[in-house]
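This chain uses plain numbering: 1 for the first residue, then up along the sequence. One-based numbering, in listed order, for ligands and for the atoms of each.
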Amino acid sequence: MKITRIASHVLQYGLPEELGYSQQYYARRTAHLVEVETDEGITGWGECFGPGNVAFGNKAIVEKVIQPLVLGMDPMDRDVIWHKVYNLLRDHGQKGMPLQSLSGIDIALWDIAGKVSGLPIHKLIGGAHRDRVPVYGYGMMLRREDAASLAARFTDEAAAIKDAGFAATKMKIGLGPRDDAKLAAAVRKGVGDDFDFMADANHAYTTSDAFYVGRALEDLGAYWFEEPVAPEDHDGYRELRAGLKINISGGEAEFSRWGWRSLLEARGLDIAQPEVCALGGISEYLRVLALCHAHFTPVVNHVWGSAIAVATNLQLLAAMPVLPGGLFPREPMLEFDTTDNRFRDQLLTEPLDIQRQVARSGGYAAIPSGPGLGVEPDRDFLRAYEVDT
Ligand code: CA
C-alpha cells in the first residue's frame, strides 16, 4: 500500500457575530482538514490545529513540504513516517506550525490503519475504557462590550449551557483581573452552586495578576484555571500551582514528547490539556499521554475545530485509562464548543449530533464505533466551504 496524494482543505465562513478571547476578536470560523489518499482506494482524514491565516501556512507545509517526503511510503508505517518528517523538519521548527501540519497527516494515517483493519482507532490503541464520555460545553466568549453587560450575558449563557445538559462549562476571561472576577461571579450565578465551571485566560496574565484572578476563582469554587500565564513561563506555572488551591491547567500550546517533558517536569500543572491536532498527531499524543500519567498528571484533552477533531478526541478519550484508578474515578471529559460552528455540526455524512446526545443522556457523548475515526466528511460540504487564500 502506498500514499499517492496528500491534500489540505481549508474551510471558512463568516460568523454571525464576532467572538473573542484574551488575545483577539475574530469574525471568521476556519478549519483545516487533511486528506491522505492511497493506491488501494482507502482515504484517511485528519485535522490540523490553526485558526485564520495560520491554516493557509499549514496547508503549504502539508502539501509542499511534507507531502514530497512521504509520497510512495506505506501509510501503515505511520511511526516511520512520523520520525522521518520530524527529523527532517527539526532544523526548521520543533514546535508550532510544522508539528500542527504533521498532526493532521498522522491522524489521517491512523484513520487509514483503522479502515484497513476494519477497527475503530480506540481498538488499535488498546480498547475502550468507556463507551461514552461526559461533555463540557465551552462558550462565554468575549465581546466588544463593557464588563457589566458582558457579565449579564455570561450569566444567561452559562445557565443555557447547563440547561442544555452539559456536564460542566467553561468561560473565557482576560478583561483584566478585577473585571475577570466579576465575569466569573456572573457565571457562578448562572450555573448555581453545584455545577462545575472552568475559566480560560489564554495566557493573558503575569504571575501576580494570575494570583489575583486565581484567588477569585477559588472563592467561587471554580474547577480549573486554564492557561493563566504564557506557555513558556514554566516558573510562573509552578508558583501558581504551589500557591493556589484551584487546579491549574494548560498545555494546548505545547508540542511533542520533548516539549511536554519540560512542562511536566516543571510541576506546574494539575491537569494536562494536550491538543492532538497540534502536538504531533495521535502517534505523539499517545507518548505525551504516557508522559503525563508517568507524572501522575490527569489529562483532559484540548479540543478545537471541526467534527474530525471531535471524532479524533472521542477515540482518544475512549482509550484513556483512568488515573490512578478506583471505584469512582473522575472520568476524562470531552471539550465541546457551544458557539456557532458549521464545521462541527454539518461537516459529516452522518453528524455526531453531540448536542442532542448531551441533552438526551444527561451530559454524555457516545464513542464512534466504525472503522478508523468512525466518521466521514461530506464532499459537497467541503466544496461549498473550501477557500484558497
Ligand atoms: Ca484554552
In short, ring-ring contact (aromatic ring centres under 6.0 Å, His included) pairs touching residues 119-153 with sequence neighbours left out are Tyr136-Trp224

* Asked: Is NZ or CZ of Arg287 both nearer than 6.0 Å to the six-membered ring centre of Tyr86 and within 45° of the ring axis?
  -> no

Residues passing the side-chain contact (heavy atoms from CB on, under 4.5 Å) test with Ser149, sequence neighbours excluded, are Glu145, Asp146

From the list Glu35, Arg379, Arg383, Glu47, side-chain hydrogen bond (donor to acceptor under 3.5 Å, both in side chains) partner of His9 resolves to Glu35

Contacts of Trp260 meeting ring-ring contact (aromatic ring centres under 6.0 Å, His included) (sequence neighbours excluded), chain-then-number -> none

Tyr385 and Phe343 aromatic ring geometry - parallel, tilted or perpendicular at 30°/60° bounds: perpendicular

Excluding waters, which are neither shown nor counted, protein N/O/S atoms under 3.0 Å from the Ca ion (ligand 1) come to 3

